[in-house]
Amino acid sequence: GLMLVQIRSQSAYRAYQFGVIAGDAEYYKRNPNWLDAMRKELDELLGLEADLRDLFTGFTAPLTCFTPTREEKVLPQGATVLDFARAVHEQVFLEAAGAIVNGNVFGLSHILSEGDEVHVIRNPENRPTLDWLDWIATPLAGATLRKYLGSRDPEQNRTCGRRVLGEISGKYHLPIDRLIETKIFKDFVASLRHVLNPVEGEKRPAVTVECLLEEIGGGKRRGEDIFRDFLRFYATLHHRHIQKHGKTVRPFYLQIISE
């Protein structure tokens, strides 16, 4: 028969046995509490796939940046000024307005590089926005932002969620006000599992349209993901209808516009 022979170095065998996150002895000496740090990060996650991916990226390929006092901050590849601000302190993150990186002024979305010296520009009157989610690479910064957004007035988050979803649906010429009133969209919303992070001790309530908009505005769900899932939901129903009746139906966007 056939015989497979694999020749590995010690580091390659360690990665094979324990995974790429195993690192090496020198890494453990420099970061003795790496596992505890990872557990803390996992505890603070909302369970989003992107957060998990960013977390493992941070531990397998970190970069080191510095404060003006040369304090080290270890961040994942792709980390931005916002991630650095959160690594410094929660309040610095919430008041971040920009940064001076190696003597040059940059915005909050600026991606940092190895060895950068970063001074976060603060403005006490500044307030985080939902757009910040697109400029964040670390789970800790994401959790802090969602915590802040969740503390806002629910109506403010619903308005924000409606705007975000409306910008996406508008690309498909679907008026958001009419779309969310259609039966097919309400059926889609009802198919969602539950409200994220309900109050402790309460039974998980069903998702409603208003609740969904609030969660989008609060950063708990991404508008792009919701609309993508909605299109898949419609495509599935459309396919089932064709299989059952052998004919197509009017596209739902024509029904919305004509109603």
Is it the case that the ring center of Phe227 lies less than 6.0 angstrom away from the ring center of Tyr172?
yes
Interatomic spacing from [atom1] in [X] to [atom2] in [Y] - rounded to 0.5 Å:
| X | Y | atom1 | atom2 | answer |
| --- | --- | --- | --- | --- |
| Ile100 | Ile121 | CD1 | CD1 | 4.5 Å |
| Leu94 | Arg122 | CG | CZ | 9.5 Å |
| Lys171 | Ser169 | NZ | OG | 10.0 Å |
| Arg127 | Leu149 | CZ | CG | 12.5 Å |

Check against side chain to side chain contact (heavy atoms under 4.5 Å, CB included), Phe230 and Leu179 = CA-CA 11 Å; Phe230 168 63; Leu179 174 63; 3.8 Å; yes
Between Glu95 and Val120, is there a side-chain heavy-atom distance shorter than 4.5 Å? no
Q) Do Lys73 and Val118 have side chains that get closer than 4.5 Å, going by heavy atoms? A)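 No, every pair of side-chain atoms sits at 4.5 Å or beyond.
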[X] bridged to [Y] by N-O distance under 4.0 Å:
| X | Y | result |
| --- | --- | --- |
| Asp83 | Arg86 | no |
| Glu167 | Arg163 | yes |
| Asp134 | Arg222 | yes |

Notebook entry, point to check: With respect to Glu215, which candidate in Arg158, Lys220, Arg221 satisfies the side-chain hydrogen bond (donor to acceptor under 3.5 Å, both in side chains) definition?
Noted result: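 So, applying the side-chain hydrogen bond (donor to acceptor under 3.5 Å, both in side chains) to Glu215 and each of Arg158, Lys220, Arg221, only Arg221 qualifies.
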Quiz prompt | Side chain Thr144, main chain Glu90, donor-acceptor under 3.5 Å | solution = no
Is Val88 reachable from Val105 through a run of I, L, V, M, F, W or Y residues, each pair having side-chain heavy atoms under 4.5 Å apart?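 The answer is no; the residues belong to distinct hydrophobic clusters.
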Please state whether the rings of Phe188 and Phe185 are parallel, tilted or perpendicular, taking 30° and 60° as the class boundaries. tilted
